[in-house]
Number of protein chains: 2
Amino acid sequence: MANYMTNLDSAFASLADPTRRAIISRLCEGPKSVSELSDPFDIALPSLLKHVRVLEESGLISSVKVGRIRTCKVETHALQATKAWLQQHITTWEERLDRMEAHIETMKRET
Amino acid sequence: MANYMTNLDSAFASLADPTRRAIISRLCEGPKSVSELSDPFDIALPSLLKHVRVLEESGLISSVKVGRIRTCKVETHALQATKAWLQQHITTWEERLDRMEAHIETMKRET
DNA sequence: TCAATACTTTCCCACATGGCTAACTATATG
DNA sequence: CATATAGTTAGCCATGTGGGAAAGTATTGA
């Protein structure tokens, strides 16, 4: 029953960078090594590694090193948490709109 | 059939700041003026206004000025778009896990 | 009309971020 | 053992970001 201390700040910040979203997209196809990840990007390895670190610190991915290869994979908890925040707010707003409409209907009937 | 040119970069970046998420949360209760919004924050008005502008530019909120009062409200399109991105990726990853499991089952049966 | 109100603009500052190169470490592999 | 491979660290740099104070503009309200 782990307490997935999801930090929305860092999760959203991580997702704000297109390179990092692309990394996540690629990892959704399956786990990949750091250099496999770097392949499609026109970016130096240390720069890519920074992105990997950022993603890992925000809990969006995880990685393990075996021999000289570090393999990265997606972690869904943090993704779920950010999605949940969005869903929550969309819902709250839409419920409010519904109440407004209902209220307007009532007003109409009362005239 | 508007093409809601949702810029994920700016949407996620906007949501990375806790003050801005708080602004959105408050706006989900209903539209508010700039100074109403600034009330609960220990922050100067120009700073808050900057956040409002950032949120507006990323399409997460909109605002209109009537007289000397600017009223802000939530816009759900951008929220929906960011949620959709997350949902898409969560789904892709989970489908992959399902295929993996199925594959392992097949392997087992073949031994 | 004069004062208060509600932003708005301008400019400043400290710090974080994303990129780089160069050099280093730790595993394979021939 | 020598060399290639796969990451990693360190340090630099330009730019962006979140905060502020001060001063300005445009609407009310008395």
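All of these numbers come straight from a predicted model, not from anything done at the bench. Order of the sequence lines sets the chain letters (A, B, ...), proteins ahead of strands, with each chain counted from 1.
Between D/dG19 and B/H51, a contact under 4.0 Å exists linking OP1 or OP2 to a side-chain N or O. Between A/S47 and C/dG18 there is no side-chain N or O to OP1 or OP2 distance below 4.0 Å. A close approach under 4.0 Å does occur between a side-chain nitrogen or oxygen of B/S33 and OP1 or OP2 of C/dC7. The phosphate of C/dT5 has neither OP1 nor OP2 within less than 4.0 Å of any side-chain N or O from B/S35. Between B/R53 and C/dT9 there is a side-chain polar atom (N or O) within less than 4.0 angstrom of OP1 or OP2. For the OP1/OP2 pair of C/dG18 and a distance below 4.0 Å, the side-chain nitrogens and oxygens of A/R20 include at least one atom meeting the criterion. The side chain of B/R68 places no N or O atom within less than 4.0 Å of a non-bridging phosphate oxygen (OP1 or OP2) of C/dT8.
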Could you walk me through whether B/H89 and B/W85 pass ring pair (Phe, Tyr, Trp, His ring centres under 6.0 Å), step by step? CA-CA 6 Å; B/H89 284 77; B/W85 190 94; 3.7 Å; yes

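Within 4.0 Å of B/K65, counting heavy atoms only, lie sugar-phosphate atoms of the nucleic acid but no base atom. Residue B/A44 is classed as a sugar-phosphate contact, given heavy-atom separations below 4.0 Å to backbone atoms only. Within 4.0 Å of A/I43, counting heavy atoms only, lie sugar-phosphate atoms of the nucleic acid but no base atom. Here B/L45 lies in heavy-atom contact (under 4.0 Å) with a base.
Note: CD (A/E56) to C1' (D/dG7) measures 13 Å, nearest angstrom. One atom, CG of A/L49, and another, P of C/dG18, lie 14 Å apart when rounded to the nearest Å. One can place CG of B/L48 at 13 Å from C1' of C/dA6, the figure rounded to the nearest angstrom. For the pair A/F12 CZ and C/dT17 C1', the computed distance is 19 Å after rounding to whole Å. Atom pair B/L55:CG and D/dT17:C1' shows a separation of 14 Å (rounding to whole Å applied). Across the protein-nucleic acid pair, A/I69 atom CD1 and D/dT5 atom C1' stand 9 Å apart, rounded to whole Å. Atoms CG (A/D9) and P (D/dT17) sit 16 Å apart, rounded to a whole Å. Atoms CD1 (A/I23) and C1' (C/dG18) sit 12 Å apart, rounded to a whole Å.
Looking at B/R26, its side chain does come within 3.5 Å of a backbone N or O of B/E36 through a donor-acceptor pair. In this structure a side-chain-to-backbone donor-acceptor pair under 3.5 Å is missing from A/Q87 to B/K83. With hydrogens and angles ignored, the 3.5 Å screen pairs no side-chain donor or acceptor of A/R20 with any backbone N or O of A/H51.
For A/R70, the listed nucleotide lying nearest its side chain is D/dT8; candidates were D/dA6, C/dC7, D/dT8. Side-chain atoms of A/K50 lie closest to C/dG18 of the nucleotides C/dA6, C/dG18, C/dA22.
Salt-bridge check for A/D9 with B/R21: passed, with a basic side-chain N closer than 4.0 Å to an acidic carboxylate O.
In terms of heavy-atom proximity, A/A81 sits nearest to A/L8 at O-CD2, 4.0 Å.
Nucleotides of DNA chain C nearest to A/P46 and A/A13 differ in position, and the one nearer the 5' end is that of A/A13.
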